[in-house]
Each structure stands twice: as C-alpha cells, then as structure tokens.
Undergrad: 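This structure is in structure tokens; I'll ask about it shortly.
Quick caveat, the model's predicted, so the values are computed rather than measured.
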Amino acid sequence: MTSWLPHRRLEWSVAIVAVLALVAFGWLARQSPQQGMLSYLFAFVFFTGLSVGALALVMVHTLTGGAWGDALRPQWMAAARTLPLQVIFVLPLLTQIPVLYSWDRADVLAQDPLLRAQGWYLNAPFFVARTVCYFVLWLGLLLFMVRGSGRRAPVASVGLIVFALSMLLASTDWVMSLLPHWHSSEFGMMVATGCMLAAAALAVLHLTLSADGDASSPQLLGDLGSLLLTFVLAWWYLAFMQYLTIWVADLPAETVWYIPRTLTTWRALAWLGVVMNFALPFVVLLIRRAKRQRRWLAAIAALLLLGNLADALWLIVPSFRPGGFDLRWTDLLAPLGMGGLWLCVYLGQYRVQRLQGSPASPALESVRG
C-alpha cells in the first residue's frame, strides 16, 4: 500500500533536497515576487507538460498498439499519474495571478483600452475556472486509461482531441497571455508537441538506464529512436513555421515576442535549444547504428529532456528580462524543488506499475524473442 512512497535512501535524499529548494525558493520569491513567479511558472509548465504529454502518448499507443509502446507504457503511466501532484503545484499560480499577468492589474487596464476589450476572456475568475477544467479533463482521461479496460480505445480517440484543445488553451492562458497582445496560431500545437517529445524522451531514458535486459534489443531501440526522431521533426517544423510566419509578416504586435529572445544575449539560449532539441538529435537519430545502441539512445533522450527544460525557460522568462541573458537563483531552485518531488512520485508510481505487472503483448514478445 505504500509502494508509491520513497523507500530508497537516494529517493529520500532527493525529496529532502527538493523540499529545502522550495523553502529557499519561497524566501527568495518574497524579495522579487514577479521574477520568482516567472521561475515557478516555467518549472510548472515543464513538469505539467511531462505528465500530460505522457498521458497523450498512452492514448496514442492505446489506439495504435506496437512493441515500442508496450516497452514504454509503464513509464508513461507513472508519469501521467503524477498529475495530482501538479494540481497542488498549480495553487500558487492561481493565487498570484496579478503578479504575473498584466491583464489582471487595474493600473494597466486603465491605460489600455484594447486589453479591456479582451476582458471577457482575460479575467481572473475565468482564468481559474479554465485551469480547473483542464485538470478535471486530464484527470478524467487518466482515470479512464487506468480503469476503463474495454472502453479505453473509444476514450483515447476522443481524449487526443481533448488533449490538443486543452493544451492549446492552457498554453495560451499560462504562457501566451503573459504578453496579452501577442498571438500565434502555431504556439499551442508547438507546446503540445514539445510535451509529448519530453515525455517520450523521459520514458526512453528510464528504459535505457534500467537493468531490464529487454531494453537492449537492437530492434526495439531502433523503434524507440525512430519515435524520438518523429517528435523532434514535428517540434522543429512547428517552431520554425512560427518563426518564419512572424518574420515574413514583420508586424510589431507579433515581433515583440521574438525581439528579446533573438536580438539580445538570450539568443544564445535560443541556439542552444536548436542544437539540443533538433540539430544534434536529428543527426544522431538518422544513423541507424547509433540509435540501436543503448548508450547513444540514452544520451540523446537525456539531451532532449534538458533541451525541453531550457525551452520552457526561453518561452517564458526573456520578455521580463529584456536586457539580455539573466538567470536568477529562483530559476534553479524552482525546477529543482518541483522536479525533485515530481521524480519521487514518478518513481513510486513506476513501482506500482511494475507490481501490477500486466502481461506483455505478442508484439513485445516477438521483439524480445
């Protein structure tokens, strides 16, 4: 009954460090509330994206089947079952709306008639209600995936549509509305694809680092490498198309988002993201021999996971630090604290999945054979 709790010395150490990091973060955030909440928001978006992206991949595999998903399903289910933890982590965000979002500050609204016209959507009660709806929908889908048995396929087909729409709205609410006059039609799908990419990378990393000998099958590793390559290409296409569309249009209302990210020293993080999330993984995963080797695949999965975290920072912070690349201690403490607790819950839920021990599918057995 307590298999979800940390019961290894290392996990308890991680949990203690995470709690101390959150305490230190809270103390520093009191000194600079807006910058602290920006750090908190990018950590929250990243780890919530891991949970929801894993849930989406469970639904994809439910509809498609295949040995690649059978091997990664325990990791994805464990990651998806961290969603209740993110319900707790969303509470500070909902209580600090005016600190982050200018559309909830009376002095800003008084000077901005266009922002007042958007008030039917951008207001605190509706923002809170939408956020509650996102988590209710995600938790409902998770419940069906865990207990739905014969109804999983119909729910998964509808659930993927719900995932796409809810991630579109959630990314608009949590990230895009930080600059309420900026809009992008590709942004929501780019964030959703990034969530699935990060969840796939996490599962592949866990599998390749585990002691499971089945993870050494060259055929299975090749399939997992192809899965990562698919998401790398999809994410890069959406990110590049967003940049190209805004660059061609050259409208001040649209370029305002890219100016601090590409015309200041923040562009170093942009190029690092390109290398970590696209260029290097793309080259390695095109090499058949490399992606069929455990250590290479583990290295690429780890690189993608770190790259997605850096991308979350790049999506949120630069507009509020327009002078150039500027990291604060809260940028380290927020993901360290939240991530440490998320990891402990993930590992506990993974043990639950292994204890429940569903039999392997014929597809996975054929790969093992």
Side-chain angles (χ1 to χ4, degrees), residues 4-6 14-55 79-105 121-143 162-163 166-167 169-178 180 191 195 309 312-313 315-317 320 328-346 348-349:
W4 58 273
L5 290 172
V14 170
I16 292 171
V17 170
V19 171
L20 292 176
L22 287 176
V23 171
F25 165 80
W27 183 80
L28 290 174
R30 291 183 62 184
Q31 316 302 316
S32 180
Q34 185 186 60
Q35 297 301 327
M37 286 306 299
L38 285 171
S39 304
Y40 188 90
L41 178 61
F42 99 77
F44 171 78
V45 167
F46 174 73
F47 288 105
T48 302
L50 276 180
S51 303
V52 181
L55 177 60
R81 292 173 75 163
T82 62
L83 270 171
L85 178 66
Q86 296 309 111
V87 173
I88 298 173
F89 280 132
V90 80
L91 297 179
L93 178 64
L94 298 182
T95 59
Q96 299 294 318
I97 293 174
V99 174
L100 278 173
Y101 301 101
S102 60
W103 46 260
D104 195 44
R105 294 200 289 268
Y121 186 85
L122 295 178
N123 62 81
F126 197 19
F127 180 92
V128 172
R130 290 194 302 272
T131 298
V132 170
C133 285
Y134 304 147
F135 279 99
V136 168
L137 288 171
W138 295 335
L139 289 170
L141 289 172
L142 174 61
L143 188 62
V162 172
F163 162 76
S166 60
M167 282 304 300
L169 293 173
S171 61
T172 299
D173 288 345
W174 298 341
V175 182
M176 197 185 301
S177 72
L178 289 168
V191 171
C195 293
L309 178 62
L313 174 69
L315 289 177
I316 291 169
V317 171
F320 296 85
R328 312 288 174 88
W329 278 108
T330 52
D331 296 333
L332 172 64
L333 293 172
L336 180 63
M338 193 181 299
L341 294 181
W342 191 96
L343 179 62
C344 288
V345 174
Y346 165 78
Q349 291 295 341

Undergrad: So, taking the atom named OG1 in Thr172 and the one named CG in Leu122, what distance separates them when rounded to the nearest 0.5 Å?
TA: 10.0 Å

Undergrad: Using the test side chain to side chain contact (heavy atoms under 4.5 Å, CB included), find all partners of Ala312 that sit at least two apart in sequence or belong to another chain.
TA: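 Side chain to side chain contact (heavy atoms under 4.5 Å, CB included) list for Ala312, sorted by chain: Phe42, Phe46.
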
Undergrad: Less than 4.5 Å apart, side chain to side chain, heavy atoms only: is that true for Met338 and Tyr40?
TA: yes

Undergrad: Please find the pair of heavy atoms, one from Gly339 and one from Phe47, that lie closest to each other, and give the distance.
TA: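 Closest approach of Gly339 to Phe47, heavy atoms only: CA-CZ, 3.1 Å.
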
Undergrad: Taking all non-hydrogen atoms of both residues into account, name the closest pair between Leu142 and Ala80 and its distance.
TA: CD2-O, 3.5 Å

Undergrad: On a heavy-atom basis, which atom in Pro180 and which in Trp103 lie closest, and how many Å separate them?
TA: CB-CD1, 4.2 Å

Undergrad: Can you tell me how far apart CE (Met176) and OG (Ser171) are? Round to the nearest 0.5 Å.
TA: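 Atom-to-atom, Met176:CE and Ser171:OG are 5.5 Å apart.
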
Undergrad: To the nearest 0.5 angstrom, please state how far the CG atom of Leu141 sits from the CG atom of Leu83.
TA: 9.5 Å

Undergrad: List in chain and number order the residues that pass side-chain hydrogen bond (donor to acceptor under 3.5 Å, both in side chains) with Ser166, two or more places apart in sequence or in another chain; answer none if no residue qualifies.
TA: Trp138

Undergrad: So, taking the atom named OG1 in Thr131 and the one named CH2 in Trp174, what distance separates them when rounded to the nearest 0.5 Å?
TA: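 Nearest 0.5 Å value for the OG1-CH2 distance: 6.0 Å.
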
Undergrad: Which residue pairs pass the side chain to side chain donor-acceptor pair (under 3.5 Å) test with at least one member in residues 84-93, sequence neighbours excluded?
TA: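 Checked against side chain to side chain donor-acceptor pair (under 3.5 Å) - neighbours excluded - the pairs reaching residues 84-93 are Thr48-Gln86.
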
Undergrad: Please name all residues satisfying ring pair (Phe, Tyr, Trp, His ring centres under 6.0 Å) with Phe89, sequence neighbours left out, ordered by chain then number.
TA: none

Undergrad: Any side chain to side chain donor-acceptor pair (under 3.5 Å) pairs touching residues 27-36, not counting sequence neighbours?
TA: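 Every side chain to side chain donor-acceptor pair (under 3.5 Å) pair that includes a residue of residues 27-36, provided the two are not neighbours, is Gln35-Arg321.
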
Undergrad: Could you walk me through whether Cys195 and Val52 pass the side-chain contact (heavy atoms from CB on, under 4.5 Å) check?
TA: CA-CA 7 Å; Cys195 293; Val52 181; 5.9 Å; no

Undergrad: At their closest point, which heavy atom of Phe25 faces which heavy atom of Ser39, and how far apart are they?
TA: CE1-CB, 4.2 Å

Undergrad: Name all residues meeting the side-chain hydrogen bond (donor to acceptor under 3.5 Å, both in side chains) criterion together with Trp342; count only those two or more places apart in sequence or in a different chain, and write none if there are none.
TA: Ser51, Thr82

Undergrad: Going by the rule side chain to side chain contact (heavy atoms under 4.5 Å, CB included), which residues pair with Leu100 if we only count those two or more places apart in sequence or in a different chain?
TA: Met37, Leu38, Leu41, Leu93, Leu178

Undergrad: Atom CG of Leu22 and atom CG of Leu333: how far apart are they, to the nearest 0.5 Å?
TA: 8.5 Å

Undergrad: Quick one: does any side-chain atom of Arg81 pair with a main-chain N or O of Gln349 as donor and acceptor, under 3.5 Å?
TA: no

Undergrad: Closest approach of Pro335 and Thr330, non-hydrogen atoms and distance?
TA: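 That closest heavy-atom pairing would be CD-O, 4.1 Å.
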
Undergrad: Apply side-chain contact (heavy atoms from CB on, under 4.5 Å) to the pair Asp104 and Asn123, showing each step before the final yes or no.
TA: CA-CA 6 Å; Asp104 195 44; Asn123 62 81; 5.8 Å; no

Undergrad: Checking side-chain contact (heavy atoms from CB on, under 4.5 Å) for the pair Val90/Val132: CA distance, chi angles, key distance, verdict?
TA: CA-CA 9 Å; Val90 80; Val132 170; over 6 Å; no

Undergrad: Check side-chain hydrogen bond (donor to acceptor under 3.5 Å, both in side chains) between Ser102 and all other residues, then give those that pass, not counting sequence neighbours.
TA: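 In terms of side-chain hydrogen bond (donor to acceptor under 3.5 Å, both in side chains), with neighbours along the sequence ignored, Ser102 is linked to no residue.
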
Undergrad: Does any N or O in the side chain of Thr95 come within less than 3.5 Å of the main-chain N or O of Pro92, such that one atom is a donor and the other an acceptor?
TA: yes

Undergrad: With sequence neighbours left out, what residues match Val87 under side chain to side chain contact (heavy atoms under 4.5 Å, CB included)?
TA: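 Expected list: Phe135, Leu139.
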
Undergrad: With sequence neighbours left out, what residues match Tyr346 under side-chain hydrogen bond (donor to acceptor under 3.5 Å, both in side chains)?
TA: His206

Undergrad: I'd like to check the side chain to side chain contact (heavy atoms under 4.5 Å, CB included) partners of Pro33; sequence neighbours left out, ordered by chain and number.
TA: Val99

Undergrad: Looking only at heavy atoms, which two atoms of Tyr121 and Phe126 are closest? And how far apart?
TA: O-CD2, 3.6 Å

Undergrad: Show every salt bridge (Lys or Arg N to Asp or Glu O under 4.0 Å) that has at least one partner inside residues 129-139, sequence neighbours left out.
TA: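 Counting only pairs at least two positions apart or across chains, the salt bridge (Lys or Arg N to Asp or Glu O under 4.0 Å) contacts touching residues 129-139 are Arg130-Asp173.
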
Undergrad: How long is the span from the CZ atom in Phe44 to the CG atom in Leu91, to the nearest 0.5 Å?
TA: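 One finds 9.0 Å between CZ of Phe44 and CG of Leu91.
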
